[in-house]
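When a residue number appears, it is its place in the shown sequence, counting from 1.
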Amino acid sequence: MVDEEIRLLAVERFKTLNLETDTEFQSLVQIASETCDTPVALLTLIDQDTQWLRVRTGTDVTDMPRGISFCHHTIRDDAVMIVPDAALDTRFFESPLVVNDPNVRFYAGAPLVTSDGHRIGSICVIDLKPNELNKQQELMLKMLSKQAIKMMEYRISVEILEKNKIEAEEQRQIIRRAEITLRSFFESAPNFHMLLGKSGEVIDFNKVAFNFIRKVHGAELKRGDMMLQFTAPDFVSRFIRGFNLAIGGEQAFEEGSNDYGAHGIIYWEASFETARDPNNEIMGVSYIIRDVTDRKIREQKILAQNQSLLKIAHLQAHQFRAPLTTITGMMDLIKAEEYKAPKEYFELLENAVRNLDSKIREVVDNVDDIVLEGTEVYQAKA
């Protein structure tokens, strides 16, 4: 980006200032007019095409084309530019400002130079007759230009500060809303959830974790507590293993069950996930426990049902065959005797039927058990 492009960006920044109604800047321009004994004094800003008369005394003109302005030449140098008689100056004697109304003759201007060296405009004085400045007047004009730019940069700094404060407050509100949303999600989670520090201390926890610790351990969970004091003895070694893996950047998973006495057996699944700060540095471990007791009970019932089904299949495949074979054979013998078989045949047949009936009842009992267990599973899912 060339210097002129940077200068124009600076001008645009200062154009946002409301200088017209600022009494301090009006006073500076008035001092310039009185010190130099001229009817017109201006504070101007010069952009790509236009000279803007932002603070003025002695004229109602608010802007003019940059190409015909005296200040267009002033911003080419850091020194005060003095034109004793514009009608005799080859740069201006044909200017419409000189040959036409307002018929400018005298001009003196000091550039407004920003702290980073960009000339964005001027403080100038104008007379309609030839004039001169003595050394004290020239020095005063220079001092007024320096004072003006300091005041302008201060106003810009205040505006930036106010803008940053507003943006910071808006950002705080966004972060606050995000925290509330995250906290609501955290608290509404159905699982036991803790955030643990690098030493295993409790940094944060949700209501499920708090209520579980209070119910099972009779303790009021607090930030700073060590999680190991609430860990079942037979799970300590696996907890330490999972925690260390997560602190090292790896995810870990454990599952099992614990008998909590009056609270019964609880089946659980535990996950250890690495927790990182906004700079992606490891800050601790996200420790989540899911109560899977209902699921495990359903799984056990399904396994029991499968065993019953296997038993029925075994009865059908093996134990039904013997009585059926006996019955079929006895019927063949009775037919061969033209249904005049001896009593012993009928006794054997009766025993075979009784044995078959016993096996059928055993199958029916197993089927009833499966139906009842299936209804319980269905109701538990519902």
Tell me whether Val236 is reachable from Val202 by hopping between hydrophobic residues (I, L, V, M, F, W, Y) whose side-chain heavy atoms are closer than 4.5 Å. yes
Does Phe272 have its ring centroid less than 6.0 Å away from the ring centroid of Phe243? no
Inter-residue atom distance Met140.CE - Met143.CE, 0.5 Å rounding: 5.5 Å
Hey, mind stepping through Ile126 and Phe106 against side chain to side chain contact (heavy atoms under 4.5 Å, CB included) and telling me if it holds? CA-CA 6 Å; Ile126 296 171; Phe106 172 75; over 6 Å; no
How about Phe235 and Trp268: are their ring centres within less than 6.0 Å of each other? yes
Point-to-point distance, once rounded to the nearest 0.5 Å, from CG of Leu45 to CZ of Phe14: 8.5 Å
Between Ser271 and Tyr287: side-chain donor-acceptor atoms closer than 3.5 Å: no
Arg105 (side chain) donor-acceptor with Lys129 (main chain) under 3.5 angstrom: no
Are Phe205 and Phe192 near enough that their ring centres are under 6.0 Å apart? no
Any ion pair linking Glu281 and Arg276 (charged N to carboxylate O, less than 4.0 Å)? no
Walk me through it: do Trp52 and Ile46 pass the test side chain to side chain contact (heavy atoms under 4.5 Å, CB included)? CA-CA 6 Å; Trp52 301 95; Ile46 300 177; over 6 Å; no
Between the side chain of Gln229 and the main-chain N/O of Met226, is any donor-acceptor distance below 3.5 Å? yes
Using atom types as modelled and distance alone, determine if a side-chain donor or acceptor of Thr16 lies under 3.5 Å from a backbone N or O of Glu12. no
Flag side-chain contact, heavy atom, 4.5 Å: Glu138 against Ile82: yes
Pairing of Glu254 and Arg238 as salt bridge, 4.0 angstrom limit: yes
Is a side-chain donor or acceptor of Asp127 paired with a backbone partner of Asn131 at a separation under 3.5 angstrom? no
Quick one: sort the Phe212 and Tyr260 rings into parallel, tilted or perpendicular, breaks at 30° and 60°. perpendicular
Co-membership, hydrophobic cluster, residues Ile31 and Val55, 4.5 Å side-chain: yes
Would you confirm whether Arg54, through its side chain, and Leu17, through its main-chain N or O, come within 3.5 Å as a donor-acceptor pair? yes
For Gln48, does the CD atom sit with more than 12 other heavy atoms under 6.0 Å from it, leaving out its own atoms? no
More than 12 foreign heavy atoms under 6.0 Å from CG of Asn279: is that the case here? yes
For atom CG of Asp78, is the number of surrounding heavy atoms from other residues, nucleotides or ligands below 6.0 Å larger than 12? yes
Side chains of Thr44 and Ser122, donor plus acceptor under 3.5 Å: yes
With no hydrogens and no angle check, is any side-chain donor or acceptor of His193 less than 3.5 Å from a backbone partner on Asn206? no
Strictly distance-based, threshold 3.5 Å: is any side-chain N or O of Thr274 a donor or acceptor partner for the main-chain N or O of Ile247? no
Between the side chain of Asp225 and the main-chain N/O of Leu221, is any donor-acceptor distance below 3.5 Å? no
Can Glu153 and Ser115 be counted as having a side-chain donor-acceptor contact under 3.5 angstrom? yes
Distance alone, cut at 3.5 Å: any donor-acceptor contact between the side chains of Arg66 and His72? yes
Flag the pair Arg223 / Glu201 as yes when at least one side-chain heavy-atom distance between them is below 4.5 Å, and no otherwise. no
Heavy-atom side-chain proximity of Ile75 to Ile120 below 4.5 angstrom: no
Rounding to 0.5 Å, atoms CG (Asp3) and CG (Leu8) come to a distance of 11.0 Å
Is a side-chain N or O of Asn103 found less than 3.5 angstrom from the main chain of Asn100, in a donor-acceptor match? yes
Please check if any side-chain donor atom of Gln30 sits under 3.5 Å from a side-chain acceptor atom of Gln26, or the reverse. no
Worked check of side chain to side chain contact (heavy atoms under 4.5 Å, CB included) between Asp291 and Tyr267: CA-CA 6 Å; Asp291 186 339; Tyr267 293 84; 5.6 Å; no
Are any of the side-chain heavy atoms of Thr50 and Pro65 separated by less than 4.5 Å? no
Please check if the side chain of Lys146 supplies one atom and the backbone of Val113 the other of a donor-acceptor pair under 3.5 Å. no
If the threshold is 4.0 Å, N to carboxylate O, is there a salt bridge linking Asp22 and Arg155? yes
Got a sec: does the NZ of Lys15 have more than 12 other heavy atoms crowding it under 6.0 Å? yes
